[in-house]
Amino acid sequence: RILVSKTFILSKFYFCAQFFKLQKKTIKEIESLIYKFIWNNKKEVISRGTLILPYEKGGLNAFNIEAKIKTIIIQQIIYILKRGDSYFYNFTYYWLKFEIKKINGFSLLNFNNIPFNEKKTEYYEEMANILKEMLAYDEQVYKKRSMYNSKNTYITLRRKFETKPKCENGYDEQYWKQIYLDVNNKKIHSDLRSLNYKILLESLNLQLKCYQGKCNLCKKKKPLNIYS
């Protein structure tokens with residue numbers, strides 16, 4: 001369901017985000033609707049902050065819409081800056097003139113010839129705010145632009161939304177990366193992968209799977225040792 005959401009729903013949503021500002025209320029409503037679809041209108045037993053983590057960190061590589069939209073806008077800014085003093089982008093500089101000047105390693109040769117309008121449109125105002133947030137993470141974002149591709153930018157902006165899986169509490173010495181990869185091994189049947197993942201993240205009531213001494217999954221008469 002996560003993959004279906006990314007492919008058929010969010011791809012269209014992200015396309016729209018390239019052209020106009022999306023209100024936070026709208027983003028939250030859409031994210032809530034999609035997660036209802038993912039959980040089949042049932043209670044969310046695993047936090048979204050955990051689900052957005054990659055597989056090797058205990059998540060399911062889900063999505064955070066706010067971080068993704070910010071990534072799209074940052075990539076637009078980097079794309080514009082790569083083209084330096086092209087007059088084609090003077091309209092963007094017209095709104096973001098002083099914000100762009102703050103970026104270390106970037107110089108605009110015709111800076112003084114470009115007018116500036118303090119009353120930004122909503123979209124450019126949002127772009128300026130996101131640019132400030134990115135510069136707070138790394139002032140050298142333009143010098144390191146080859147490193148800040150779409151994937152790495154999203155990872156950077158996603159951090160504040162991440163939640164460490166609660167199963168790691170008290171087991172810092174465990175090699176969790178390998179444990180998570182084993183649980184999500186594609187060679188295992190998807191139903192069993194799902195069950196193992198829910199058990200590992202302590203989100204499953206084991207009495208639902210083991211009833212009257214018989215496992216509903218493997219049909220054995222005696223309960224399984226779930227941690228073996």
Side chain [X], main chain [Y], donor-acceptor under 3.5 Å:
X	Y	result
Tyr197	Gly58	yes
Asn40	Lys42	no
Arg193	Ile188	yes
Ser5	Arg1	yes
Asn129	Glu125	yes
Thr50	Gly59	no
Lys132	Ala128	no

Would Ser194 and His189 count as a side chain to side chain contact (heavy atoms under 4.5 Å, CB included) if you check the C-alpha gap in whole Å, the side-chain angles of each, and the deciding distance to 0.1 Å? CA-CA 9 Å; Ser194 177; His189 191 277; over 6 Å; no
Report whether [X] and [Y] are members of the same hydrophobic cluster (ILVMFWY, side-chain heavy atoms less than 4.5 Å apart, transitive linking).
X	Y	value
Leu3	Tyr14	no
Leu135	Tyr79	yes
Leu181	Tyr175	no
Leu33	Phe8	no
Leu53	Ile179	no

Straight-line distance of [X] [atom1] to [Y] [atom2], nearest 0.5 Å:
X	Y	atom1	atom2	answer
Glu162	Lys57	CD	NZ	6.0 Å
Ile2	Ile34	CD1	CD1	11.0 Å
Leu201	Cys167	CG	SG	4.5 Å
Leu60	Arg48	CG	CZ	14.5 Å
Ile103	Ile77	CD1	CD1	6.5 Å
Glu126	Lys21	CD	NZ	5.0 Å

Residues forming a side chain to side chain contact (heavy atoms under 4.5 Å, CB included) with Glu133, sequence neighbours excluded: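 Partners of Glu133 by the side chain to side chain contact (heavy atoms under 4.5 Å, CB included) criterion, ordered by chain and then number, come out as Lys70, Tyr137, Leu157, Lys160.
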Under 6.0 Å from the NZ atom of Lys186, do we count more than 12 heavy atoms belonging to anything else shown?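 Yes, the 6.0 Å shell around NZ holds more than 12 heavy atoms from other groups.
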Please say whether more than 12 non-hydrogen atoms of neighbouring residues, nucleotides or ligands are located less than 6.0 Å from CZ in Phe19.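 Counting neighbours around CZ of Phe19, more than 12 heavy atoms of other residues, nucleotides or ligands fall under 6.0 Å, so yes.
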Looking at every non-hydrogen atom in both residues, tell me the closest pair between Leu96 and Tyr124 and how far apart they are.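 It is CD2-O, 3.4 Å.
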Using every non-hydrogen atom in the two residues, find where Asn152 and Met147 come nearest and quote the distance to one decimal.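 Where Asn152 meets Met147 most closely, the heavy atoms are ND2-O, 2.7 Å.
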Less than 4.5 Å apart, any side-chain heavy atom of [X] and any of [Y]?
X	Y	value
Leu51	Trp39	yes
Met127	Leu131	no
Val4	Phe37	yes
Gln76	Gln18	yes
Ser150	Lys68	yes
Leu10	Ile65	yes

Report yes if the distance between the aromatic ring centroids of Phe63 and Tyr35 is under 6.0 Å, otherwise no.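 Ring-ring flag for Phe63/Tyr35: true, centres closer than 6.0 Å.
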Salt-bridge contact Lys36-Glu44 (side-chain N to carboxylate O under 4.0 Å):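 Between Glu44 and Lys36 there is no salt bridge, as every charged N stays at least 4.0 Å from the carboxylate O atoms.
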Partners of Tyr180 by ring-ring contact (aromatic ring centres under 6.0 Å, His included), sequence neighbours excluded?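 By the ring-ring contact (aromatic ring centres under 6.0 Å, His included) rule, Tyr180 matches Trp176.
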Residue list, ring-ring contact (aromatic ring centres under 6.0 Å, His included) with Tyr154, at least two apart or on another chain: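 If we apply the ring-ring contact (aromatic ring centres under 6.0 Å, His included) test to Tyr154, skipping adjacent residues, there are no hits.
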Do you know which of Glu122, Lys28, Glu29 makes side chain to side chain contact (heavy atoms under 4.5 Å, CB included) with Gln23?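 With Gln23 as partner, side chain to side chain contact (heavy atoms under 4.5 Å, CB included) holds for just one option, Glu122.
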Out of Thr156, Ile74, Thr71, Ile155, which residue meets the side chain to side chain contact (heavy atoms under 4.5 Å, CB included) rule with Tyr148?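 Only match with Tyr148 under side chain to side chain contact (heavy atoms under 4.5 Å, CB included): Thr156.
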Taking the six-membered ring of Phe161 as reference, does the cationic atom of Arg158 (NZ for Lys, CZ for Arg) lie under 6.0 Å from its centre and within 45° of its axis?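 No, cation not above the ring by the 6.0 Å, 45° rule.
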